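Note that the structure is predicted; figures quoted are calculated from it, not measured. Keep in mind that the numbers below use all heavy atoms, side chains included, and drop hydrogens, waters and symmetry copies. Convention: sequence-line order gives letters A, B, ...; per-chain numbering from 1.
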Amino acid sequence: MTARIVATHRTPSASGRYRPAVGSTSEQIEAEVHRVGAELADAFPSPARHPMKALDARAMELAAADLEIRAALFRFVDVVPACRSMDDLARHLAGFLDELPDGPPPVLAAIKVADTRAGRAALGAAAAAGVKHMAHRFIVGETPGTAVPVLRRLWARGIASSVDLLGEATVTEPEADAYAARCADALRSLSAATARWPERPTLERDGSGGLARANVSVKVSALTPLLRPDAPELGERDAARRLAPLLREAKALGAHVHIDTESLDSREAVLGLVLALLTQEEFRDGPSTGIVLQAYMRDSPEQLDQILEWASAHERTPPPVIRLVKGAYWDHEVAEAGQHGWPVPVFEVKAECDRNFEALTRRLLAARPTVRVAIASHNLRSVAHAIAVNRSSGADDGDLELQVLRGLGDDLQDALAARGFRVRTYCPVGDLVAGMAYLVRRLLENTSNESFLHAQASGVPLDELLAPP
Amino acid sequence: MFAATTSTSTFTNEPVLELRRAAVRARLADALATVDAVLPIRVPAWIGVDTREGDELLSTDPGEPERVVARAACAGAEEVAAAVHSAERGAEAWSAVPASERAAVLIGAAAWMRERRLELAALEVRECAKPWPEADADVCEAIDFLEYYARGAVALEAGRTLAQAPGERNELSYAPRGVAAVISPWNFPIAIPCGMSAAALATGNAVVLKPAEQSPACALRIVQALRAAGAPPSAIALLPGNGEAGAALVRHPKVHTIAFTGSLPVGLEIIRAAADTPTGQRHLKRVVAELGGKNCIIVDADADLDEAVPAIVSSAFLYAGQKCSAASRVLVHEAIADALLRRVAGAARTLVVGQAEDLATDVPPVIERAAQARVNRYAELAARDGVIVAGHGQVPDRGWFCPPTVAAELPAGSAVLEEEIFGPLLAIERVRDVEDACEIVGAQPFGLTGGLFARNPATVKYVRARSPVGNLYVNRGITGAMVGRQPFGGNRLSGNGTKAGGPDYLLQFVEPRVVTENTMRHGLVV
């Protein structure tokens with residue numbers, strides 16, 4: 001934290017809200033991190049307003065406290081959509097809880113009713129309702145159409161969105177075609193719906209120009225069945241013939257397409273594909289696109305070198321958005337490396353990952369206007385840090401986008417919106433079957449003992465939460 | 001770049017190449033060029049310090065049959081006799097070497113292979129059309145066998161603890177059996193012959209290795225590795241040759257142990273021949289047999305098809321289905337059969353059929369013309385008896401390619417459902433439920449590998465209890481057993497359950513001896 005960033009005179013933001021001038025020394029930035037963090041913490045909605053959330057939190061607490069229960073619950077959640085009846089569902093629940101070394105915990109003693117058919121039906125119905133409720137926290141609707149009212153309400157409250165179409169894994173060509181068609185449909189229906197939304201200047205402009213209202217996140221693994229870790233060119237070629245029409249569509253509609261990064265197995269294909277396509281002449285002036293940088297990867301600084309080198313060599317309007325995330329495939333990466341005897345590609349110590357996140361934040365913010373920057377984190381410290389560094393660089397708050405996940409970052413989202421920051425919520429859309437893999441990943445993340453949200457929920461003092469990693 | 005090991009360090013699997021990284025992939029072309037530059041490789045009959053080169057056997061690249069990979073001698077009856085005679089003396093000397101020194105030789109051979117990993121894998125790419133990731137995994141497995149059995153033999157030398165009463169001392173130790181004949185297949189052309197030979201050598205036996213006639217060059221590298229690491233010439237002989245050489249070895253009265261991996265008919269012949277005790281033979285031969293399979297994957301209604309489909313497809317079609325562990329039948333719950341069938345067929349259609357050297361290749365050619373004809377025959381039969389839901393694809397016309405094929409609606413009793421095809425042909429059958437599937441598996445004569453996709457722990461428990469197979473894989477693919485992690489081998493007609501790469505394997509190569517000594521002298525325990 002010794003880097004000095006040139007400070008320029010601060011101007012009031014568009015909203016005219018007063019902000020203190022921020023110096024550039026690390027002490028001054030730390031002071032600003034604490035100020036912003038405290039301000040955001042103050043703006044968090046009170047838990048009393050969300051009785052259902054408190055209930056969820058209790059379930060999460062239970063899961064986080066006991067690894068065996070956590071495993072049983074996740075395996076259950078994972079199989080819910082594949083169960084054919086309430087009876088079947090209850091049998092699965094009973095099966096998982098029977099596996100627990102100490103038997104089901106008292107809070108789950110309802111399992112005893114699984115001995116009768118009527119009991120199982122009741123238990124199954126209750127469990128299904130529970131999982132459905134949980135899923136709805138994270139998934140905004142089954143289709144873009146049903147999601148639009150939710151997205152519009154968010155927009156009205158000053159919150160932008162990016163829609164992610166959940167789907168089953170793509171293993172065949174028709175599945176890849178179907179996913180591409182769903183993406184095109186989402187681009188069209190979101191563009192049509194968002195055109196009628198009221199103006200929200202914070203969400204619609206930054207220093208680089210206008211920002212699309214319709215924003216869709218796309219997964220390359222769903223655009224081709226040919227992603228092979230050992231032969232990335234194969235999947236790249238196949239995905240390109242479906243992604244290019246989507247980019248054309250988005251360009252015509254003025255919508256934004258964000259290409260998600262998944263596990264390391266497909267990373268080379270994804271980056272290769274996007275950089276190659278965006279270099280093509282027809283996409284030099286649009287659509288607005290974005291990619292993702294995962295801070296938990298040990299080699300993410302070199303990834304950023306590659307991205308920035310490309311971005312400065314191929315200037316685009318609008319500039320590409322780089323979404324900085326921690327990364328959602330940590331367990332997968334660690335297990336896969338362990339099974340093959342490979343070096344673990346991700347940071348295994350949380351503080352190292354957090355420090356890297358901040359280092360990448362600084363580099364990204366300094367790389368503007370060649371790129372636009374979106375900081376996607378639920379860690380109050382990481383978010384406050386990005387805001388403080390942004391301010392210290394003399395940029396406007398509006399030149400930084402903050403992103404959260406639907407269901408996990410709701411409180412932070414509300415606080416950021418309340419304080420006038422540009423926040424975008426990543427909103428998965430899809431049915432329960434398709435959404436389950438996503439849901440399980442989110443739940444794993446939420447109940448990890450290392451999770452910031454867990455620390456926050458268990459009452460760690462603010463000063464500690466905001467301390468440098 | 002690769003760490004050296006000793007027999008006292010803990011065993012860990014040799015890491016396979018991380019081919020998802022471009023820098024690692026970039027090294028493969030050079031390795032292939034290095035190997036191409038030395039083709040064809042001369043593979044002699046190598047007995048003691050004597051070598052005899054010959055041109056009787058040609059091994060060719062299955063993807064480019066004009067390319068001769070090896071010119072090998074074909075060992076005749078006299079050479080078999082000479083090899084066994086040399087091994088008989090070799091066994092005497094080698095058995096007197098302490099286990100730790102024998103282990104050091106094996107670990108040295110592992111190091112030799114480790115230094116040449118890419119070239120060895122490249123040789124498999126050429127000689128057996130084994131695609132890079134699998135060729136590399138095969139070399140790693142060979143290294144694993146050397147390292148694993150080296151440690152196991154050192155542990156075995158300590159014997160086992162017996163009950164002791166006052167005034168007596170009981171000791172159990174294990175002695176090498178003598179001469180081991182190793183008769184190996186071409187589909188894991190380095191790992192399997194290396195593993196069988198390493199187990200015999202580690203425990204103090206001498207080895208006569210008769211590799212498959214399709215892969216003599218790969219076998220030569222194993223013997224070179226062991227000799228370079230200090231295995232005495234009389235402890236390991238190489239006899240490239242055909243079935244006659246193998247049969248002569250099996251019948252030889254001075255052979256004590258026969259380690260065989262291959263087909264059921266040959267395995268049964270060996271077991272029958274080994275039961276004979278010709279004049280001059282003063283022991284019972286032991287046969288270690290790893291034979292065929294007809295491996296089933298059961299898919300229950302609650303399976304996660306996103307996981308099941310890719311696992312089924314890779315288990316059935318990688319290396320063109322030429323693994324004894326490969327999936328041959330899928331038994332799917334009728335509630336999800338349509339979806340599974342559609343998705344497996346669609347996924348099979350995306351498979352890339354091509355040369356083994358191309359990293360994009362999923363399905364390489366099969367090993368030889370006769371194999372191609374056999375697989376095609378079964379595919380025609382499947383089309384006649386049932387419905388082909390994926391297949392008929394165009395394949396390159398040079399090389400022994402077969403299109404990956406998925407068949408359905410085959411009637412019970414069809415040869416496609418009962419016989420080992422050993423090629424890229426998968427049959428999918430509907431079942432009423434898991435119990436029904438278990439009945440079908442239970443009625444099979446084979447019992448090698450099996451798979452289950454189900455998410456209810458009670459189902460997993462049920463199938464575990466009913467499954468006769470040697471290796472059952474739950475919610476994952478059914479190939480790719482790792483040394484020390486998934487000891488491998490089948491039951492029923494698939495083999496005698498000896499589990500290569502497991503803690504009990506070495507016991508096949510030793511005979512237990514118990515010594516009981518009276519420690520009383522004049523009524524005193526001394």
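With a 4.5 Å cut-off on non-hydrogen atoms, Val309(B) touches chain A through its side chain but not through its backbone. In this structure, chain A has heavy atoms under 4.5 Å from both the backbone and the side chain of Ala22(B). Only the side chain of Arg84(A) has a heavy atom closer than 4.5 Å to any heavy atom of chain B. The contact between Asp362(B) and chain A is made entirely by side chain atoms (from C-beta outward), counting heavy-atom distances below 4.5 Å.
Between Arg25(B) and Pro229(A) the shortest heavy-atom distance is NH1-O, 3.6 Å. Residues Pro310(B) and Val171(A) approach most closely at CG-CG1, 3.9 Å, considering heavy atoms. Of all the heavy atoms in Thr172(A) and Thr350(B), the pair that sits closest is CA-CG2, 4.2 Å. The nearest pair of heavy atoms linking Arg21(B) to Pro345(A) is NH2-CB, 3.8 Å.
Ranking Glu173(A), Glu168(A), His340(A) against chain B, the residue ahead of the rest is Glu168(A), based on heavy-atom pairs under 4.5 Å. Chain A forms more heavy-atom pairs under 4.5 Å with one residue of Ala345(B), Ala347(B), Pro457(B), Gly346(B) than with any other, namely Pro457(B). Your options are Asp238(A), Thr170(A), Asp265(A), and the one with the most heavy-atom pairs under 4.5 Å with chain B is Asp265(A).
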* Asked: Is there a side-chain contact (heavy atoms from CB on, under 4.5 Å) between Leu264(A) and Glu18(B) once you walk through the steps?
  -> CA-CA 11 Å; Leu264(A) 180 57; Glu18(B) 196 174 356; 4.3 Å; yes

* **Arg20(B) vs Glu336(A), side-chain contact (heavy atoms from CB on, under 4.5 Å): CA-CA, chis, key distance, verdict** => CA-CA 12 Å; Arg20(B) 60 182 176 177; Glu336(A) 192 176 29; 3.1 Å; yes

* Show your working on side-chain contact (heavy atoms from CB on, under 4.5 Å) between Arg91(A) and Asp302(B) and close with a plain yes or no. => CA-CA 12 Å; Arg91(A) 283 179 197 279; Asp302(B) 68 352; over 6 Å; no

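Around the CD atom of Gln394(B), the shell of radius 6.0 Å holds no more than 12 heavy atoms that belong to other residues, nucleotides or ligands. A 6.0 Å sphere centred on CZ of Arg241(A) holds more than 12 heavy atoms belonging to other residues, nucleotides or ligands. Surrounding CZ of Arg298(A) are more than 12 heavy atoms belonging to other residues, nucleotides or ligands, all under 6.0 Å away.
The distance from atom OG1 of Thr361(B) to atom CZ of Arg228(A), rounded to the nearest 0.5 Å, is 10.5 Å. To the nearest 0.5 Å, atoms CG (Asp230(A)) and CG (Leu17(B)) are separated by 9.5 Å.
A donor-acceptor distance shorter than 3.5 angstrom exists from the side chain of Arg455(B) to the backbone of Asp78(A), with no hydrogens or angles considered. Side chain of Asp306(B) to main chain of Ala169(A): a donor-acceptor pair is present (N/O by atom type, distance under 3.5 Å, no hydrogens or angles). Between the Arg485(B) side chain and the Gln339(A) main chain, a donor and an acceptor come within less than 3.5 Å of each other.
Ionic pairing of Asp98(A) and Lys461(B) is not present here: no N-O contact between side-chain nitrogen and carboxylate oxygen is shorter than 4.0 angstrom.
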